[in-house]
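Heavy atoms only: backbone and side chains are in, while hydrogens, waters and symmetry mates are out.
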There are 2 protein chains.
Amino acid sequence: MGVTKTEAYTEAQLQMAGWYKALGHPARIAILEHLLEQDCCICQDLTEVIDLSQPSLSRHLGELRDAGLIVGSTAGNSRSYCINPARWREVQAALNGLFNRFRDGTC
Amino acid sequence: MGVTKTEAYTEAQLQMAGWYKALGHPARIAILEHLLEQDCCICQDLTEVIDLSQPSLSRHLGELRDAGLIVGSTAGNSRSYCINPARWREVQAALNGLFNRFRDGTC
DNA sequence: TTACAATATAACAATATTGTTATAAATAAC
DNA sequence: GTTATTTATAACAATATTGTTATATTGTAA
């Protein structure tokens, strides 16, 4: 029915899936890569970097913001976005927590 | 329009987003966690672990399989699924490749 | 062969996602 | 004040996703 049965999962599972979901679109990967290349935060020259309309970009930024991966700050007429330093490593650690559980089995 | 403009992105971006998308559902996280807990591969006792119908589970397994995160093998009447070790490490490496690009900026 | 068990696929309904254009809201520039 | 600029939101159409039940498929067991 297009709707996930959220009540069946733990908070940790829902949170991890949420982070991955936020990362699960190439435009959002491209946005993050662009942010990571900058020394600092950026204003919205993103429309020149990513081939999407301004509203589409704005919503992708919104999803990354909702997931806590980036933070935005208003500076006068424009808006800057940065990687969220506090969250970034926390998310990395959580995601590695999943991957590190793997040990080559006896299959 | 519900359809991603794939032509605007690099292969690497599309591949990475595809992997994360496969991980972006709590049922699939739960499936992977269950696989990781086992010493070895599992048959489909998953319906007892995850509160979904058998066809729904089968399709989630299919998505993980399509993303290459797990591999399935037929053993007589039943089917075993395992983590795909090569892909598993590849995805983890890609993930850390993304996250490690972050350096605290001068913001 | 016939019946049973395990898994995948088909068909469908409900909701989510992704994109667009149009518009609102807020600040800047004149 | 008026006009431009920048970003977010509303409204919408097209497609994707997620779940279900029903059915097909494949192998086991009697």
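A:Asp66 pairs by the salt bridge (Lys or Arg N to Asp or Glu O under 4.0 Å) definition with nothing, not counting sequence neighbours. When the ring-ring contact (aromatic ring centres under 6.0 Å, His included) test is applied to B:Phe99, the partners found at least two apart in sequence or on another chain are A:Trp88. The side chain to side chain contact (heavy atoms under 4.5 Å, CB included) search around B:Ser78 returns B:Cys43, not counting sequence neighbours. Considering only residues two or more places apart in sequence or on other chains, B:Arg87 meets the side-chain hydrogen bond (donor to acceptor under 3.5 Å, both in side chains) condition with B:Glu90. For A:Arg101, the salt bridge (Lys or Arg N to Asp or Glu O under 4.0 Å) partners two or more places apart in sequence, or in a different chain, are B:Glu33. For A:Asn77, the side chain to side chain contact (heavy atoms under 4.5 Å, CB included) criterion is met by no residue, not counting sequence neighbours. Remark: B:Arg59 engages no residue in a side chain to side chain contact (heavy atoms under 4.5 Å, CB included) (not counting sequence neighbours). In this view, B:Ala94 and B:Met16, B:Trp19 satisfy the side chain to side chain contact (heavy atoms under 4.5 Å, CB included) rule, not counting sequence neighbours. Partners of B:Arg65 by salt bridge (Lys or Arg N to Asp or Glu O under 4.0 Å), not counting sequence neighbours: none found.
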Can you check nucleotides 28-30 of chain C for protein contacts, nitrogen or oxygen pairs under 3.5 Å, and list what you find?
none

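Following rounding to the nearest Å, B:Leu52 (CG) and D:dT17 (C1') show an atom-to-atom distance of 13 Å. A:Arg79 places its CZ atom 9 Å from the C1' atom of D:dA8, with the value rounded to the nearest Å. As rounded to whole Å, 15 Å separates atom P of C:dA6 from atom OH of B:Tyr81.
Applying a 4.0 Å cut-off to non-hydrogen atoms, the residues of residues 11-31 of chain A that approach DNA chain C are A:Lys21, A:His25, A:Arg28, listed by residue number. Heavy-atom distances under 4.0 Å link DNA chain D to A:Gln54, A:Pro55, A:Ser58, A:Arg59 of residues 54-74 of chain A, given in residue order.
B:Leu32 is listed as a side-chain neighbour of B:Leu23, based on a closest heavy-atom distance under 4.5 Å.
Regarding contacts with the backbone of C:dT18, every side-chain N or O of B:Thr4 stays at 4.0 angstrom or more from both OP1 and OP2.
In this structure, the nucleotide among D:dT7, C:dT7, C:dG19 sitting nearest to the side chain of B:Ser78 is C:dT7.
The hydrophobic clustering, which links ILVMFWY residues whose side-chain heavy atoms are closer than 4.5 Å, places A:Leu95 and A:Leu14 together.
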